[in-house]
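Below is one structure; the comments refer to it alone.
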Amino acid sequence: MNTTPQPDPRDRPARLTVGVVGAGRVGPALAASLQMAGHRPVAVSAVSDASRRRAGQMLPDVPVVPPAEVLERSELVLLTVPDDALPELVAGLAETGAVRPGQLLAHTSGRYGAKVLDPALRAGALPLALHPAMTFTGTPVDVQRLAGCSFGVTAPDELRLAAEALVIEMGGEPEWIAEENRPLYHAALALGANHLVTLVAQSLELLRTAGVGAPDRMLGPLLGAALDNALRSGDAALTGPVARGDAGTVAAHVAELRRHAPGTVAGYLAMARATADRALAHGLLKPELAEPLLGVLAGPSDAAGGTGDTPGDTT
């Protein structure tokens, strides 16, 4: 349920023609959601065959044209390209005169705020940073997932209401992020979401190696409960052998990982150390149990100044 106070209708943007530069997984979904709110997608740029197919599926009948033509046709332009490509794209569009005064230019990068759009601002554009805190599949299901999705919003003060109104029209929840906090905000999301995928994929592989026939079915309820508990209770939700200080169990884990999946050892050790630190700081791990546990997590190679992920007997 969207609990964000609705802006006054006078502050809502008029029905806009919408263009998308970069038909990756994000842009077509946002344009489709804006279409459902009454705006009109009119142009999209796409280079690869996959992006062209995605544009055709998500935005049927919307022509695929070069980026400069997207800007020519659109009152609101969504710049949905990779973070590292964004500054060069903005500078290039501004230098070629593609940017029009009064045009809304919104990027979806988590890393950058509104300042990356300064070249377009100098050309008269209205800069918005609207980053959906969501993972995208590039399929129509993404439009449904936007309902209740938080957006990191950064814009000049005079455009704040317009930026928040656009997010609400896409079904999202605007969350104001100061310009100087954008990199930290994005790092937090990457730490949680991107690394979670890696951890889950590794866990699935290890369960298959252990002979589990349906590791996804086994992990689903467990991970769902762990995530729910963590969101509700934070560090108080920590459990398992590290939080309990079961050094022998952790040593057995490390030995098995070295034997069957050595590529996972470094990550296991790093996360176990972080977990031990947090459990100790919050009184969950008893100090007398922390020392032997941290000794196991250091390992013989770490004590010698190594990486801690070379084969060895840690039991």
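Numbers for residues simply follow the sequence, beginning at 1. Just so you know, these numbers use all the heavy atoms, side chains as well, and skip hydrogens, waters and symmetry mates. Being a predicted model, the structure only gives us computed values, none of them experimental.
Within 6.0 Å of atom CZ in Arg40, 12 or fewer heavy atoms from other residues, nucleotides or ligands are found, so the atom counts as exposed in its surroundings. Within 6.0 Å of atom CD in Glu291, 12 or fewer heavy atoms from other residues, nucleotides or ligands are found, so the atom counts as exposed in its surroundings.
Among Leu93, Thr96, Val65, the single residue meeting the side-chain contact (heavy atoms from CB on, under 4.5 Å) criterion with Leu71 is Leu93.
For the atom pair CG (Asp142) and CZ (Arg25), the distance works out to 8.5 Å, reported to the nearest 0.5 Å. Put simply, OG1 on Thr139 and CZ on Arg145 are 7.0 Å apart, with the number rounded to the nearest 0.5 Å. Atom CG of residue Leu128 and atom CG of residue Leu126 lie 7.0 Å apart, to the nearest 0.5 angstrom. Summarising the geometry, atom CG belonging to Leu34 is positioned 7.0 Å from atom CG belonging to Leu30; distances are rounded to the nearest 0.5 Å. The CD atom of Glu169 sits 13.0 Å away from atom CD of Gln35, with the distance rounded to the nearest 0.5 Å. Atom CG of Leu238 and atom CG of Leu285 lie 10.0 Å apart (nearest 0.5 Å).
Looking at Leu121 and Val99, their side chains never come closer than 4.5 Å, going by heavy atoms from C-beta outward.
The main-chain N or O of Ser74 is found under 3.5 Å from a side-chain atom of Arg100 such that the two form a donor-acceptor pair. For the pair Thr154 (side chain) and Ile177 (backbone), a donor-acceptor distance under 3.5 Å is present. The backbone N or O of Leu284 sits nowhere less than 3.5 Å from a side-chain atom of His282 that would complete a donor-acceptor pair.
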Show me the donor-acceptor pairs within less than 3.5 Å that the side chains of residues 212-230 make with the rest of the protein, sequence neighbours left out.
from	atom 1	to	atom 2	distance (Å)
Asp228	OD1	Arg232	NE	3.1
Asp228	OD2	Arg232	NE	2.8
Asn229	ND2	Ala225	O	3.3

Would you give me the side-chain donor-acceptor pairs under 3.5 Å for residues 240-251, sequence neighbours excluded?
from	atom 1	to	atom 2	distance (Å)
Arg244	NE	Asp246	OD2	3.0
Arg244	NH2	Asp246	OD2	3.4

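Between Glu205 and Arg208 there is no salt bridge, since no side-chain N of the basic residue sits under 4.0 Å from a carboxylate O of the acidic one. One finds no salt bridge joining Glu75 and Arg15 here, because no Lys/Arg side-chain nitrogen approaches an Asp/Glu carboxylate oxygen to under 4.0 Å. Salt bridge annotation for Asp83-Arg111: absent, with no cationic side-chain nitrogen under 4.0 angstrom from a carboxylate oxygen.
Side-chain rings of His131 and His107 stay apart, their centers remaining 6.0 Å or farther from each other.
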